[in-house]
Structure formats: structure tokens, C-alpha cells
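As C-alpha cells, the structure follows; a few thoughts come after it.
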Amino acid sequence: MLFRSAEIDTLKEVKDDRWQLSVKHSDGFYQRYQISKPAAEALMKQKSVRMEISRGALGFELITRFEPNP
């Protein structure tokens, strides 16, 4: 497993318990993810997020978990 950390830019509710998490990576690149309500609740008062990354069957990277950065 691989982990990446990023600074949380915005976290907002979109619709039907879906949330959008926008992060700023260390290279200055911004990226947006749709996350679940429980993941959003864990990140509400955090400044950075830790993302767990796994490789899929075809070699693509998949983010499998979002959690507060310790």
C-alpha cells in the first residue's frame, strides 16, 4: 500500500450524503474527489488528509481510503 498526504482546500456537501473534497498536492496541483459522509465527518476539522492508494487489476491507482493525517 502507498499513502499520500495533501492539504485540504475545501470540503462541501453536494447532494444525498455525497461530499466533495478538494485537495492541494505538494506540487501545487489541485484535485477533487467525491467521498462518503462518514469520511467527510472525519475530515471536517482537519487541515490535511492522508489517502491510501492501492493498485487495481490493470495497474491503475485507486484511492481506497481517506483519513485524517496524523
Side-chain angles (χ1 to χ4, degrees):
M1 266 178 271
L2 177 67
F3 292 95
R4 285 196 188 134
S5 295
E7 178 184 334
I8 295 175
D9 182 47
T10 60
L11 178 63
K12 62 182 179 178
E13 186 174 11
V14 181
K15 184 179 178 184
D16 298 331
D17 290 337
R18 288 181 297 171
W19 289 72
Q20 275 189 350
L21 171 67
S22 177
V23 299
K24 181 180 178 184
H25 293 281
S26 59
D27 60 0
F29 178 70
Y30 287 86
Q31 196 158 14
R32 193 174 344 154
Y33 302 97
Q34 281 205 9
I35 62 173
S36 65
K37 184 177 182 177
E41 289 172 345
L43 297 173
M44 287 251 183
K45 297 184 181 187
Q46 303 297 319
K47 294 184 181 198
S48 62
V49 61
R50 181 174 155 176
M51 298 172 278
E52 181 179 312
I53 300 171
S54 298
R55 295 234 181 239
L58 299 175
F60 295 103
E61 291 183 349
L62 303 169
I63 298 177
T64 55
R65 185 171 55 188
F66 293 90
E67 58 187 31
N69 196 12

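Just so it is clear, the model here is predicted, and its values are computed rather than measured.
In terms of heavy atoms, P68 sits closest to A42 at CG-O, 3.4 Å. Of all heavy-atom pairs between W19 and E13, the closest is CE3-N, 3.3 Å. Closest heavy-atom contact between S22 and Y30: OG-CD2, 4.4 Å.
The side-chain hydrogen bond (donor to acceptor under 3.5 Å, both in side chains) check on Y33 picks up Q31, with sequence neighbours excluded.
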Which pairs would a plain distance check flag for residues 45-62, meaning a side-chain donor or acceptor within less than 3.5 Å of a matching protein atom at least two apart in sequence or in another chain?
from: S48; atom 1: OG; to: N69; atom 2: ND2; distance (Å): 3.2
from: R50; atom 1: NE; to: E67; atom 2: OE2; distance (Å): 3.4
from: E52; atom 1: OE1; to: R65; atom 2: NE; distance (Å): 3.2
from: E52; atom 1: OE1; to: R65; atom 2: NH2; distance (Å): 2.5
from: E52; atom 1: OE2; to: T64; atom 2: OG1; distance (Å): 3.2
from: R55; atom 1: NH1; to: G59; atom 2: O; distance (Å): 3.3
from: E61; atom 1: OE1; to: R4; atom 2: NH1; distance (Å): 3.4
from: E61; atom 1: OE1; to: R4; atom 2: NH2; distance (Å): 3.2
from: E61; atom 1: OE2; to: R4; atom 2: NH2; distance (Å): 3.4

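Screening residues 14-33 for salt bridge (Lys or Arg N to Asp or Glu O under 4.0 Å) gives D17-K37 as the qualifying pairs, with residues at least two apart or on separate chains.
A distance of 7.0 Å separates OG1 in T10 from CG in L21, rounded to the nearest 0.5 Å. Atoms CG and CD1, on L43 and I8 in that order, are 4.5 Å from each other to the nearest 0.5 Å.
Counting heavy atoms from C-beta outward, V23 and H25 have side chains that approach closer than 4.5 Å.
F29 forms part of no hydrophobic cluster, judged by ILVMFWY side-chain heavy-atom separations under 4.5 Å.
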